[in-house]
*Asks:* 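Got a structure here, written out as structure tokens. Questions coming.
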2 protein chains.
Amino acid sequence: MAQARQPHDLLAASSVRPSPHWPDAAKALYGPARMSAQRALIAEEVMAFPGAFTAEDLHRTVGRRAEGVGLATVYRALAAMQEAGAIASVGERDGSALLARCGRDDHHHHLVCTTCGTVVGVECPLDHAALAAATREGHLVTSHEITLYGVCAVCRDQKDAG
Amino acid sequence: MAQARQPHDLLAASSVRPSPHWPDAAKALYGPARMSAQRALIAEEVMAFPGAFTAEDLHRTVGRRAEGVGLATVYRALAAMQEAGAIASVGERDGSALLARCGRDDHHHHLVCTTCGTVVGVECPLDHAALAAATREGHLVTSHEITLYGVCAVCRDQKDAG
DNA sequence: TGATAAGTGAGAAGCGTTCTCACTTTCTGT
DNA sequence: ACAGAAAGTGAGAACGCTTCTCACTTATCA
Ligand SMILES: [Mn+2]
Ligand SMILES: [Mn+2]
Ligand SMILES: [Zn+2]
Ligand SMILES: [Zn+2]
């Protein structure tokens with residue numbers, strides 16, 4: 001049965017059961033949630049990504065390092081990371097949610113390179129003047145969604161050169 | 001067969017076939033696209049909506065005035081209106097796209113009342129200062145998505161009173 | 001009025017995401 | 001170290017919104 005995969009076949013080869021402890025860098029992404037070999041691998045790939053990615057993107061890169069990691073597992077790991085505040089939804093691409101590492105805890109938004117996926121945080125452009133206009137209309141603004149798209153310096157240079 | 005519905009059973013009762021001409025107000029929403037009894041009805045309901053709605057919302061209200069209008073027809077009509085620039089996507093609610101009438105042709109964004117769906121246009125809050133910050137990072141901003149959510153004056157008063 | 005391109009309704013299909021189930025593994029006391 | 005409880009896993013089914021397919025009907029225009 002494919003179900004009977006040993007826990008650390010994914011990372012090491014020992015068949016005894018060592019009390020598993022995981023890299024702190026990976027563990028940090030999941031907050032209080034429980035750790036696993038799959039999640040360690042997923043965390044590494046998330047940290048390797050230069051910017052925004054979809055669940056499928058991630059599942060593909062994970063699949064290059066270990067087989068049999070289910071897509072549902074990737075979705076669950078991403079949900080845990082999001083809950084822990086390690087990643088954030090930064091928009092969408094072709095109907096799939098775009099995610100990216102984001103450790104910041106202050107209010108900000110994201111600027112996504114449409115070519116390479118690089119993400120940079122930008123401060124919220126909604127100043128008092130903008131909100132005043134809404135208030136003038138009688139609206140009380142309670143939340144907002146802002147995503148900027150563009151081309152990063154690296155990709156711009158490559159286009160100029162090519 | 002349910003397929004054999006007369007063209008104008010939906011609007012009038014004449015069973016002859018008058019050279020059909022449609023209300024200008026309704027026709028305007030579809031631009032150059034072809035007109036039909038269903039689309040006339042759909043356009044009326046769109047114009048009756050105070051603000052944002054989903055495809056299902058619209059299909060429901062249309063269903064109160066005529067039976068047998070397919071959901072696919074509503075989606076196709078909405079696509080035509082969007083192409084004609086008569087409506088715009090203004091966000092999403094519970095996984096469904098939120099649409100609203102929007103005849104403006106200048107660059108602006110939308111503020112949606114989360115209680116009643118009322119939509120008001122707001123001018124783009126991205127000023128030169130905000131874009132300068134992105135440029136400083138090397139990014140060239142090419143597009144952006146902004147949606148504001150809040151509570152309109154009417155709904156705020158109702159909450160205070162109730 | 002006839003030809004043609006477009007719209008329609010019902011249901012199937014797509015697609016990203018979530019859920020279910022039986023099983024495995026981590027984690028916390030002791 | 002050990003046992004028990006709670007959480008994670010993989011495969012595939014299910015889900016919800018949206019789009020497509022097909023046979024048929026209808027608007028539009030010469
Ligand atoms: Mn960020
Ligand atoms: Mn508008
Ligand atoms: Zn780039
Ligand atoms: Zn309101």
Side-chain angles (χ1 to χ4, degrees), chain A residues 1-11 15-22 27 30-43 53-60 62-63 66-83 89 92-99, chain B residues 1-11 16-22 26-27 30-43 54-59 62-63 66-83 89 92-99:
Chain A
M1 244 42 89
Q3 194 97 1
R5 183 180 308 280
Q6 295 308 317
H8 293 188
D9 281 7
L10 294 166
L11 295 174
S15 72
V16 298
R17 183 131 51 112
S19 75
H21 80 79
W22 313 96
K27 222 176 160 197
Y30 295 101
R34 201 169 284 188
M35 202 34 137
S36 73
Q38 291 89 337
R39 289 194 170 187
L41 195 47
I42 291 170
F53 54 86
T54 66
E56 280 275 348
D57 287 341
L58 187 56
H59 187 235
R60 192 179 317 115
V62 167
E67 296 187 7
V69 176
L71 180 56
T73 297
V74 170
Y75 272 103
R76 283 183 291 238
L78 289 172
M81 290 188 202
Q82 218 162 340
E83 189 130 357
S89 173
E92 78 166 46
R93 188 175 60 201
D94 305 327
S96 301
L98 266 186
L99 305 169
Chain B
M1 236 66 77
Q3 195 98 359
R5 185 180 307 279
Q6 295 308 317
H8 293 188
D9 282 6
L10 295 165
L11 294 173
V16 298
R17 184 140 38 121
S19 76
H21 79 83
W22 314 94
K27 223 177 160 194
Y30 295 100
R34 201 170 285 187
M35 202 34 134
S36 72
Q38 291 90 337
R39 290 193 170 187
L41 196 46
I42 291 170
T54 66
E56 281 274 349
D57 288 341
L58 187 56
H59 186 233
V62 167
E67 296 186 7
V69 177
L71 180 56
T73 297
V74 171
Y75 272 103
R76 284 184 291 236
L78 289 172
M81 289 189 202
Q82 218 161 340
E83 190 131 354
S89 174
E92 77 166 44
R93 188 175 59 202
D94 305 328
S96 301
L98 267 186
L99 305 170

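Below, read A as the first sequence line, B as the second, and so on, with proteins coming before strands; counting in each chain starts at 1.
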*Asks:* So do the side chains of A/Thr73 and A/His59 get within less than 4.5 Å of each other, counting heavy atoms only?
*Replies:*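 A side-chain contact is absent here, since even the closest heavy-atom pair is not under 4.5 Å.
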*Asks:* In whole angstrom, what separates A/Leu78's CG from D/dT9's C1'?
*Replies:* 15 Å
*Asks:* Donor-acceptor check, side chain of A/Tyr30 to backbone of A/Arg39, threshold 3.5 angstrom: yes or no?
*Replies:* yes
*Asks:* Looking at every non-hydrogen atom in both residues, tell me the closest pair between B/Ser36 and B/Trp22 and how far apart they are.
*Replies:*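 Here B/Ser36 and B/Trp22 meet closest at C-CH2, 3.4 Å.
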*Asks:* At a cut-off of 3.5 Å, list every protein nitrogen or oxygen paired with a nitrogen or oxygen from nucleotides 1-5 of chain C, distance to 0.1 Å.
*Replies:*
from: C/dA5; atom 1: N3; to: B/Arg34; atom 2: NH1; distance (Å): 2.8

*Asks:* Write down the atom of B/Lys27, the atom of B/Met35, and the distance for their closest heavy-atom approach.
*Replies:*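 It is CA-CE, 3.3 Å.
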*Asks:* Could you give the CG-to-P distance, from A/Asp94 to D/dT18, as a whole number of Å?
*Replies:* 16 Å
*Asks:* Under the side-chain contact (heavy atoms from CB on, under 4.5 Å) rule, collect the residues that match up with B/Ala55, sequence neighbours excluded.
*Replies:*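 With sequence neighbours excluded, B/Ala55 shows a side-chain contact (heavy atoms from CB on, under 4.5 Å) to B/Tyr75, B/Leu78, given in chain and number order.
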*Asks:* Taking only N and O in the side chain of A/Thr73, is any of them less than 4.0 Å away from OP1 or OP2 of D/dG8?
*Replies:* no
*Asks:* Grab the CG-C1' distance between B/Leu58 and D/dC17 for me, whole Å please.
*Replies:* 15 Å
*Asks:* For A/Ala77, which contact category applies under a 4.0 Å heavy-atom criterion: base, sugar-phosphate, or nothing?
*Replies:*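 A/Ala77: no heavy atom of the nucleic acid under 4.0 Å.
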*Asks:* If we only count heavy atoms from C-beta on, is the A/Glu56 to A/Leu71 side-chain gap below 4.5 Å?
*Replies:*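 The answer is yes; the side chains approach within 4.5 Å.
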*Asks:* When the distance from CZ of B/Arg93 to P of D/dC17 is rounded to whole Å, what number comes out?
*Replies:* 11 Å
*Asks:* Could you give the NE2-to-P distance, from A/His59 to D/dT9, as a whole number of Å?
*Replies:* 12 Å
*Asks:* At how many degrees, to 10°, do the end axes of the helix from C/dT1-D/dA30 to C/dT30-D/dA1 meet when each uses five pairs?
*Replies:*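 Answer for the end axes of this duplex: 40°.
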*Asks:* Mind running side chain to side chain contact (heavy atoms under 4.5 Å, CB included) on A/Gln38 and A/Val74 for me, showing each step along the way?
*Replies:* CA-CA 9 Å; A/Gln38 291 89 337; A/Val74 170; over 6 Å; no
*Asks:* Does a side-chain N or O from A/Arg39 land closer than 4.0 Å to OP1 or OP2 of D/dA7, or not?
*Replies:*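 So the side-chain polar atoms of A/Arg39 never come under 4.0 Å of the phosphate oxygens OP1 or OP2 of D/dA7.
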*Asks:* I'd like to check the side-chain contact (heavy atoms from CB on, under 4.5 Å) partners of A/Ala72; sequence neighbours left out, ordered by chain and number.
*Replies:* A/Arg76
*Asks:* Given D/dT26, is OP1 or OP2 found less than 4.0 Å from the side-chain N or O atoms of B/Trp22?
*Replies:*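 For D/dT26, OP1/OP2 do not have a side-chain N/O of B/Trp22 under 4.0 Å.
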*Asks:* Within this structure, what is the OH-to-C1' distance between A/Tyr30 and D/dA7, rounded to whole angstrom?
*Replies:* 14 Å
*Asks:* Can you name the atoms? Protein N/O to nucleotides 17-21 of chain C N/O, anything below 3.5 Å, with the distance.
*Replies:*
from: C/dT17; atom 1: OP1; to: A/Ala97; atom 2: N; distance (Å): 3.0
from: C/dT17; atom 1: OP2; to: A/Tyr75; atom 2: OH; distance (Å): 2.3
from: C/dT17; atom 1: O5'; to: A/Tyr75; atom 2: OH; distance (Å): 3.2

*Asks:* Give the rounded distance in Å between these two atoms: CD of B/Gln38 and P of C/dA10.
*Replies:*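 That distance rounds to 11 Å.
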*Asks:* Of all residues at least two apart in sequence or in a different chain, which pass the side-chain contact (heavy atoms from CB on, under 4.5 Å) check with A/Gln82?
*Replies:* A/Ile87, A/Ser89, A/Leu99
*Asks:* So, using side chain to side chain donor-acceptor pair (under 3.5 Å) as the criterion, who are the partners of B/Arg34 when residues are at least two apart?
*Replies:*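 For B/Arg34 there are no side chain to side chain donor-acceptor pair (under 3.5 Å) partners, ignoring immediate neighbours.
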*Asks:* Does A/Ser96 have any side-chain contact (heavy atoms from CB on, under 4.5 Å) partners at least two apart in sequence or in another chain, and if so, which?
*Replies:*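 For A/Ser96, the residues satisfying side-chain contact (heavy atoms from CB on, under 4.5 Å) (neighbours in sequence not counted) are A/Thr54.
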*Asks:* Rounded to the nearest angstrom, tell me the gap between atom CG in A/Asp57 and atom P in C/dG16.
*Replies:*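 To the nearest whole Å, that distance equals 11 Å.
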